[in-house]
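So the structure is just underneath, and the comments pick up after that.
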Amino acid sequence: MRSSWFNKFSAIFGPRPPLSWLLLCLVCVLALIAVFGSSSSGAFYSVTPTRVPDIYTNYRRLKEQAAVDYLELRSLFLAPSRQKEIDLCGKERENHVPCYNVSASLIAGYKDGEEFDRHCELSREGEQCLIRAPKEYKIPLRWPTGRDVIWSGNVKITKDQFLSSGSMTKRLMLLEENQIAFHSEDGLIFDGVKDYSRQIAEMIGLGSDYEFLQAGVRNVLDIGCGFGSFGAHLVSLKVMAVCIAAYEATGSQVQLALERGLPAMLGNFIARQLPYPSLSFDMVHCAQCGILWDQKDGMLLLEVDRVLKPGGYFVLTSPTGKPYGSSSNMKKRNALTPIEDLTQDICWSLLAQQDETFIWQKTSDTNCYTSRKQGAIPLCKEDHEIQTYYRPLVSCISGTTIKRWIPIQNRSSGVQPEDIFEDLQVMRAALKNYWSLLTPLIFSDHPKRPGDEDPVPPFNMVRNVMDMNAHYGGLNAAFLEERKSVWVMNVVPVGAPNTLPLILDQGFAGVLHDCMKDLFLEMDRILRPEGWVVLSDKMGTIEMARMLATQVRWEARVIDLQNGSDQRLLVCQKPFLRK
Ligand SMILES: *[C@@H]1O[C@H](CO)[C@@H](O)[C@H](O)[C@H]1NC(C)=O
Ligand SMILES: *[C@@H]1O[C@H](CO)[C@@H](O)[C@H](O)[C@H]1NC(C)=O
Ligand SMILES: *[C@@H]1O[C@H](CO)[C@@H](O)[C@H](O)[C@H]1NC(C)=O
């Protein structure tokens, strides 16, 4: 159960864990990748299978204990029998993402774009080392400033890539001395994104883009999001826009979006399905996203159809002003282009076309499929809600028999299952505990940077959060309730009950995922310097985790919740290693 997902978490983040890790797999992990505001930034992982009592009252005492615990931790770590600290990797691994190694893929014979796909089977057992932060790395600015201004040393982008960035969603940046500025909101420079968003709203019949939510558009999948400006705008409208883009060693769209504190993950339209259930998104958006939709027998478009909810929208902005894929030869006026043919075949209707933008709407009526012409693309036979996880693309229409076939325009005020409520209750309490612990002050010797004010929790210290075992998204909901400016990547482990649809239906970001290999190394890789990890489990497991945490050089301390149970929290902070 738990162990199986944990074991399989390798898929995105790396290869398989050694057996000894299976014990840890019993732990449910909530991983919060957190961006701490001006004074610190970081990530935060936590493991919380059960209720955590409120420890605010214990806070003072905890602080007093901190010094003692730290000494204890130190001696544990210094004991000669313990394993040594893990070394830093060489600079060449700075951009390493497990399962993505284009040269290895080429050697293995992948071509036609598949070399850029995810190939975990080619991952080799690498040396165990900690990925360095870039040489010029600086702690990001506090949200929301950090959304519009980032440190150029934090992202891998070449001047050429910067200058050649041509598309509408990419154009909006200015390189200042050591900063990249995105003036998407203040209108200082050409602000195409707002107009563009309004145009899309009007094309689907709304008065303005403020009406997206009312119209049922809550979850948007933005394919190839450029520098994330469209998503940033949607997020400001309280629409959850998740950027997916292919792996790129430099100029990574995913890296840029995450650096700005915007939801993003690697996702390919190449040969596999995306790690989302069918009927997940209200809108899929592609602005010059570089996908040739009429290729591969339309399977890429069928994948969009699969993840679209009934009544959902596909927005395609194509510089040629034609919804062509690769075949750009002009057709006769009333002849259908291949993509128009396809869209009719899968019961999408072209709602509107303006300038370079086309909007289709997926049918909300399953009868449409039965009334299609002979020889149309078939419905998939196997259509129960299996946990989709990077399966090969299919050439049939998915999701039509799923119970969740509810048009987005009809989205019920919905009675939420009781489990969701309970999950939220538990997480409300847990969040209070975590938040109160996410202060460097608790580490008596925490090196405060000169000039820094102490962070005042709860303040906008955290932005990017990953909940590694999200259940019903209760932690996400608790964050929102507490009005924290965070977004949460809700990870539902493959093998756990498939709660992802329920998470997405709440308008949250979520993904199916599998176990990581070398979990602590992998957490360390995706954590920002000064990011946090919180694990919650039984004492024995926590003791073990503490050893591993010290090996990856995190500051770590165990918190006893003092309620008579053997449940413990392990709160860790990744240091900013500069050497
Ligand atoms: C103490 O807290 C843990 C973790 O939240 C919980 O599972 C346990 O039931 C509590 N124990 C008591 C005695 O209240
Ligand atoms: C990528 O694959 C190549 C060829 O197999 C190998 O030499 C290189 O070390 C790999 N890179 C990483 C980061 O694993
Ligand atoms: C959507 O709502 C309309 C009117 O409120 C209703 O007639 C229709 O049955 C609903 N459709 C579904 C699939 O729930």
Side-chain angles (χ1 to χ4, degrees), residues 6-21 31 33 43 45 83-137 153-158 160-161 244-259 264-272 275 389-390 466 513-529 531 548 551-554 574 576-579:
F6 208 87
N7 190 19
K8 288 181 204 146
F9 209 81
S10 52
I12 279 183
F13 294 114
R16 252 126 245 259
L19 264 184
S20 60
W21 290 74
I33 305 178
Y45 275 75
Q83 275 180 276
K84 288 212 311 248
E85 279 184 341
I86 295 173
D87 285 333
L88 295 179
C89 305
K91 206 176 152 16
E92 72 285 353
R93 285 176 72 89
E94 209 177 83
N95 299 310
H96 172 64
V97 176
C99 299
Y100 290 91
N101 182 337
V102 177
S103 33
S105 300
L106 284 169
I107 292 169
Y110 287 104
K111 50 181 199 253
D112 302 329
E114 290 198 25
E115 66 271 27
F116 298 104
D117 214 342
R118 192 166 166 277
H119 296 293
C120 297
E121 74 280 6
L122 303 178
S123 294
R124 301 174 316 154
E125 290 290 317
E127 49 165 342
Q128 292 214 327
C129 58
L130 302 172
I131 309 266
R132 294 164 190 269
K135 192 151 161 277
E136 304 287 320
Y137 190 89
N154 289 11
V155 294
K156 194 87 180 171
I157 183 165
T158 63
D160 281 350
Q161 277 170 328
I244 59 163
Y247 167 73
E248 301 153 287
T250 65
S252 164
Q253 305 173 54
V254 172
Q255 187 189 34
L256 272 160
L258 288 173
E259 185 65 20
M265 61 173 278
L266 292 179
N268 285 324
F269 276 81
I270 298 175
R272 319 271 183 83
Y389 191 66
Y390 297 113
M466 182 181 284
H513 213 315
D514 213 334
C515 217
M516 297 176 187
K517 163 192 158 155
D518 289 343
L519 181 75
F520 278 63
L521 283 180
E522 188 49 20
M523 287 197 284
D524 185 77
R525 187 183 71 81
I526 63 174
L527 270 173
R528 295 175 189 246
L548 295 165
Q551 275 180 31
V552 294
R553 309 187 184 195
W554 297 342
K574 172 178 170 172
F576 193 167
L577 298 173
R578 290 165 196 278
K579 53 171 170 111

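Counting starts at 1 for both ligands and their atoms, in listed order. Throughout, residue positions are numbered sequentially from 1 according to the sequence presented.
Here the heavy atom of the protein found nearest to atom 13 (C) of ligand 2 is His96 ND1, 3.3 Å. With hydrogens left out, the protein atom closest to atom 5 (O) of ligand 2 is Ala104 CB, 3.9 Å, a heavy atom. Among protein heavy atoms, atom 9 (O) of ligand 2 sits closest to Arg124 NH2, 3.1 Å.
Within a 6.0 Å sphere centred on CD of Glu121, other residues, nucleotides and ligands contribute more than 12 heavy atoms.
Taking every heavy atom of Ile107 and a limit of under 4.0 angstrom, the matching atoms of ligand 2 come to 4 (C). Counting atoms of ligand 2 from 1 in the listed order, those under 4.0 Å from a heavy atom of Asn101 are 1 (C), 2 (O), 3 (C), 8 (C), 10 (C), 11 (N), 12 (C), 14 (O).
Tyr110 and His119 have parallel rings, their planes meeting at less than 30° on a 0 to 90° scale where 60° marks the start of perpendicular.
Two residues are said to be in side-chain contact when any heavy atoms from C-beta on lie closer than 4.5 Å; Leu577 and Arg553 meet this criterion.
Across Glu136, Arg528, Glu259, a single residue satisfies side-chain hydrogen bond (donor to acceptor under 3.5 Å, both in side chains) together with Asn154, and that is Glu259.
No salt bridge links Glu114 with Arg272; every basic N to acidic carboxylate O contact stays at or beyond 4.0 Å.
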